[in-house]
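For clarity, every value in this text was computed on a predicted model and none was experimentally measured.
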Amino acid sequence: MTRALSGRQARRIALAAQGFADRPPAGEPTAAHLRRVVGRTGLIQMDSVNIAVRAHYMPMFSRLGAYDRDIVDRAAWRPRRPGARLLVEYWAHEAALIPVQDWPLFGWRRDEFRNGRYRYTRDVMARNRELARDVHAIIAESGASTPRQIEDHLGIERAQGVPGGWWHRGEVKHVCEAMFAAGDLSAVRNENFVRHYDLAERVVDTDHLHDLDKADAHCELARRAARSLGVSTLADIADYYRTKTADMRPAIADLVDSGELTQLAVDGWRDPAYLHTDAVIPRRVDRSAILSPFDPLVFHRPRAERLFDFHYRIEIYVPEHKRVHGYYVLPYLLGDDIVARVDLKADRKAGALLALAAFLEPGRPEDIVAQRLAVDLGEMARWLGLDRVEVSRRGDLSAPLRAELATR
């Protein structure tokens with residue numbers, strides 16, 4: 001390792017690789033811009049929490065600004081014509097939207113999940129092979145269906161008082177999940193984000209239904225992760241698609257041998273780093289962006305801390321009295337630094353974007369951060385169809401942020 005990068009150079013490389021140094025669109029973002037974003041990120045992580053906005057809508061907003069969210073819906077679930085689907089749902093970095101042409105790269109994972117992703121689901125499948133055949137037959141005849149609709153077809157009645165959510169699923173739901181993980185079924189979502197299971201061949205183009213050899217797939221996933229990261233460690237590359245470091249190590253070695261990756265050192269990084277051949281170091285990154293907790297720039301928390309000195313934990317599942325920053329806290333990027341975090345909630349009934357708390361990262365300029373964040377919160381509110389931004393008193397950035405918003 002003869003070459004070394006500074007920490008700041010590594011940050012700018014990472015931001016450029018994720019699209020934050022790209023020129024913003026001159027007009028309203030289009031489906032072509034979504035393709036550009038996905039070309040940078042490789043995937044869009046999903047999450048069901050809708051307290052501000054669902055996570056899969058945020059990466060395009062963070063990189064391009066306000067856009068029509070129907071662009072994402074059409075790309076993933078409601079294409080306007082056959083063959084126009086850009087994205088498909090599968091387990092990549094957790095639940096994610098991936099380019100439909102990447103489906104063959106996860107055949108090894110579908111083999112691993114052949115009987116389900118979790119032990120209980122596998123137990124359900126083991127005793128319900130006939131039910132799985134019935135589920136397949138109903139979906140083949142009726143089209144994309146929810147578990148409740150399938151239960152109705154089968155004449156299955158739930159025990160009184162037992163709801164149909166994740167924690168009280170009937171066995172049909174577990175069978176559908178197992179068949180989804182195995183790739184027998186795929187899924188589309190309605191306007192309420194409810195998953196409807198369908199035959200994989202009706203969602204994924206038949207040209208993409210084949211599977212790559214596991215070693216070849218891992219090499220390609222390593223290549224794509226390294227490109228999306230710009231500069232990365234073995235752990236970073238493995239985490240991007242939730243692969244094992246043992247599988248990524250030989251793939252990275254092959255990419256180094258081919259010249260696609262260069263091994264080097266980054267100041268302050270304990271482990272060796274790998275620079276992708278397409279990586280660039282912009283002179284500066286003059287962007288500001290509110291980030292989803294599941295944005296690929298920060299979803300691997302050790303990397304976020306290493307790149308930005310930003311210690312970040314999502315606190316959705318932390319009891320309220322133990323939360324440090326809030327329920328749904330979004331990082332705030334300014335230039336090549338993460339300078340603040342803000343706990344956001346969309347009060348759709350009142351027409352307000354609520355900043356329940358706002359915190360400045362240590363040593364960052366309070367006045368500049370408050371000015372830029374006020375502008376970006378206003379843009380986010382308008383994007384979500386909300387009339388105003390309201391800032392509560394919690395957090396050391398709240399008072400300057402309220403004062404800045406009062407002048408606008």
Step-by-step side-chain contact (heavy atoms from CB on, under 4.5 Å) determination, Leu15 to Val285: CA-CA 8 Å; Leu15 287 163; Val285 177; 4.3 Å; yes
Minimum-distance pair of heavy atoms, taken over all atoms of Pro25 and His33: CB-NE2, 3.2 Å
CZ-OG1 distance between Arg36 and Thr41, expressed to the nearest 0.5 angstrom: 12.0 Å
Tyr332 side chain vs Arg372 backbone, donor-acceptor pair below 3.5 Å: yes
Lys NZ or Arg CZ of Arg117 over Trp91 ring: under 6.0 Å, within 45°: yes
Donor-acceptor pair between Ser145 and His196 side chains, under 3.5 angstrom: no
Partner residues of Ala246 under the side chain to side chain contact (heavy atoms under 4.5 Å, CB included) criterion, sequence neighbours left out: none
Under 3.5 Å donor-acceptor, Asp47 side chain and Ala55 backbone: no
Nearest atoms (heavy-atom pairs only) where Leu344 meets Ile51: O-CG2, 4.0 Å
Asp376/Ser288 under side-chain hydrogen bond (donor to acceptor under 3.5 Å, both in side chains): CA gap, chis, key distance, verdict: CA-CA 8 Å; Asp376 289 332; Ser288 60; 2.7 Å; yes
Under 3.5 Å donor-acceptor, Arg11 side chain and Asp336 backbone: yes
Cation over ring face, Arg341 and Phe359, 6.0 Å, 45°: no
Contact summary for Ala14 and Leu307, nearest pair of heavy atoms: CB-CD1, 3.8 Å
From Met179 atom CE to Leu131 atom CG, the distance as rounded to the nearest 0.5 Å: 9.0 Å
Short side-chain donor-acceptor distance under 3.5 Å, Asp73 and Tyr57: yes
Beyond-backbone contact of Val389 with Val391, side-chain heavy atoms, under 4.5 angstrom: yes
Gap separating the CG atom of Leu397 from the CZ atom of Arg364, nearest 0.5 angstrom: 12.5 Å
Single hit among His325, His321, Glu320 for side chain to side chain contact (heavy atoms under 4.5 Å, CB included) with Arg323: Glu320
Polar side-chain atom of Ser228 near backbone of Ala225 as donor-acceptor pair, under 3.5 Å: no
Rounded distance (nearest 0.5 Å) linking atom CZ of Arg388 with atom CG of Leu377: 14.0 Å
side-chain contact (heavy atoms from CB on, under 4.5 Å) between Glu151 and Thr146, worked out: CA-CA 9 Å; Glu151 288 172 344; Thr146 67; over 6 Å; no
Closest contact, heavy atoms only, Gly326 versus Asp343: CA-OD2, 3.4 Å
Side chain to side chain, Pro272 and Leu264, heavy atoms closer than 4.5 Å: no
Any Ile44 side-chain heavy atom under 4.5 Å of Leu34 side chain: yes
For the student: nearest non-hydrogen atoms of Glu28 and Asp68, plus distance: OE2-N, 3.8 Å
Backbone N/O of Phe20 and side chain of Arg287: donor-acceptor pair under 3.5 Å: yes
Pairwise side-chain contact, Phe193 with Arg54, heavy-atom cut-off 4.5 Å (strictly under): yes
Side-chain donor/acceptor of Arg223 to backbone N/O of Glu260, under 3.5 Å: no
Over all atoms of both residues, closest heavy-atom pair of Val37 and Arg63: CG1-CD, 3.8 Å
side-chain contact (heavy atoms from CB on, under 4.5 Å) evaluation trace for Val124 with Glu177: CA-CA 11 Å; Val124 172; Glu177 280 292 292; over 6 Å; no
Aromatic Phe180 / basic Arg110 pairing, under 6.0 angstrom, 45° off normal: no
Polar side-chain atom of Arg12 near backbone of Val280 as donor-acceptor pair, under 3.5 Å: no
Sidechain N-carboxylate O distance under 4.0 Å for Arg301, Glu305: no
Side chains of Gln149 and Ser142 in contact at under 4.5 Å (non-hydrogen atoms): no
Row check, Trp77 ring normal vs Arg85 NZ/CZ: under 6.0 Å, within 45°: no
Contact check, side chains of Trp269 and Val231, non-hydrogen atoms, under 4.5 Å: yes
Short side-chain to backbone donor-acceptor contact, Ser186 and Val203, under 3.5 Å: no
From CA spacing to verdict: salt bridge (charged side-chain N to carboxylate O under 4.0 Å, His left out), Arg109, Glu112: CA-CA 5 Å; Arg109 177 163 287 162; Glu112 289 183 359; 5.4 Å; no
Close side-chain approach of Thr262 and Val256, heavy atoms under 4.5 Å: no
CA sep, side-chain torsions, deciding dist, call: Cys219, Leu255, side-chain contact (heavy atoms from CB on, under 4.5 Å): CA-CA 8 Å; Cys219 189; Leu255 295 173; 4.1 Å; yes
Mutual orientation of the aromatic rings belonging to Phe294 and Tyr328 [parallel < 30°, tilted 30-60°, perpendicular > 60°]: tilted
Modelled atom types, side-chain donor and acceptor of Asp236 and Thr233, under 3.5 Å: yes
Stepwise salt bridge (charged side-chain N to carboxylate O under 4.0 Å, His left out) test for Arg313 and Glu315: CA-CA 6 Å; Arg313 298 292 182 270; Glu315 298 179 276; over 6 Å; no
Side chain Asp347, main chain Ala350, donor-acceptor under 3.5 Å: yes
Euclidean distance, His218 NE2 relative to Tyr241 OH, rounded to 0.5 Å: 12.5 Å
Arg8 atom CZ: more than 12 heavy-atom contacts under 6.0 Å: no
Asp337 side chain vs Val339 backbone, donor-acceptor pair below 3.5 Å: no
Heavy-atom side-chain proximity of Arg114 to Asp184 below 4.5 angstrom: yes
Output field: ring centroids Tyr312/Phe310 closer than 6.0 Å: yes
Distance in Å, Leu234 CG paired with Asp239 CG, rounded so as to fall on 0.5 Å steps: 11.0 Å
Ring centres under 6.0 angstrom apart (Tyr120, His174): yes
Candidate pair Glu390 and Lys345, rule salt bridge (charged side-chain N to carboxylate O under 4.0 Å, His left out), full reasoning: CA-CA 10 Å; Glu390 295 181 2; Lys345 177 180 180 179; over 6 Å; no
